[in-house]
Amino acid sequence: QREDTARSDPNRLVSACLEGHPESAIRHLGRTAFFSVHLDAQSEEERVEQLRKCLEKARALGTRDAVFAGDMNAECFPGSCVRAIISPEAPSAEEMAQQ
């Protein structure tokens with residue numbers, strides 16, 4: 001599935017929702033949303049909004065598991081907003097203070 005957002009946003013999003021087949025090597029993979037993204041290069045707030053829309057789409061597809069790949073246009077340092085969204089680990093108080 002390809003979502004073309006060029007009318008209002010020059011960035012692109014390609015997404016797919018996959019689930020392992022019982023007779024395949026990935027049979028244990030539960031329903032997982034995969035996103036190939038090109039996030040906004042200028043605004044952290046816009047990148048967060050774009051990722052929020054991806055997570056909303058994943059939930060609409062019936063999953064909370066997601067894999068993101070592509071150009072994040074962000075340094076994903078511990079404590080950054082983008083990393084907080086895409087990482088399963090919570091940042092420490094020290095990492096939050098640095099960002």
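Just so we're clear, the structure is a prediction, and the values are computed from it rather than from any experiment.
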Looking at [atom1] of [X] and [atom2] of [Y], how far apart are the two atoms once the value is rounded to the nearest 0.5 Å?
X	Y	atom1	atom2	result
Glu19	Thr32	CD	OG1	8.0 Å
Phe34	Cys17	CZ	SG	8.5 Å
Asn73	Gln50	CG	CD	9.0 Å

Could you pull out the closest heavy-atom pair between [X] and [Y], with the gap in Å?
X	Y	answer
Ala74	Arg47	CB-NE, 3.6 Å
Cys54	Val37	SG-CG1, 4.0 Å
Val82	Glu44	N-OE2, 3.3 Å

Task: Donor-acceptor pair, side chain of Thr63 and main chain of Arg31, under 3.5 angstrom - done: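 Yes; at least one donor-acceptor contact below 3.5 Å.
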Task: Under the side chain to side chain donor-acceptor pair (under 3.5 Å) test, residues paired with Glu45 that sit two or more places apart - done: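 Side chain to side chain donor-acceptor pair (under 3.5 Å) check on Glu45 returns Ser43.
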Task: Qualifying residues under side chain to side chain donor-acceptor pair (under 3.5 Å), relative to Arg52, sequence neighbours excluded - done: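 Scan of Arg52 (side chain to side chain donor-acceptor pair (under 3.5 Å), adjacent residues dropped) gives Glu49, Glu56.
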- [ ] Please name all residues satisfying side-chain contact (heavy atoms from CB on, under 4.5 Å) with Ile85, sequence neighbours left out, ordered by chain then number.
- [x]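 Ile85 satisfies side-chain contact (heavy atoms from CB on, under 4.5 Å) with Val48, Leu51, Leu55 only.
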- [ ] For His21, enumerate each residue passing the side-chain contact (heavy atoms from CB on, under 4.5 Å) test, keeping only those at least two apart in sequence or located in another chain.
- [x]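 Only Glu23, Ser24 meet the side-chain contact (heavy atoms from CB on, under 4.5 Å) criterion with His21.
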Task: Pairs meeting criterion ring pair (Phe, Tyr, Trp, His ring centres under 6.0 Å) with involvement of residues 44-72, two or more places apart - done: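 Listed once each, the pairs are Phe35-Phe68.
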Open item on the list: Considering only residues two or more places apart or on different chains, which pairs with a residue in residues 44-64 satisfy ring pair (Phe, Tyr, Trp, His ring centres under 6.0 Å)?
Closed with: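 Listed by first then second residue: nothing to list.
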Task: Residue pairs passing the salt bridge (Lys or Arg N to Asp or Glu O under 4.0 Å) test where at least one lies in residues 60-71, sequence neighbours excluded - done: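 Sorted result for residues 60-71: empty, none.
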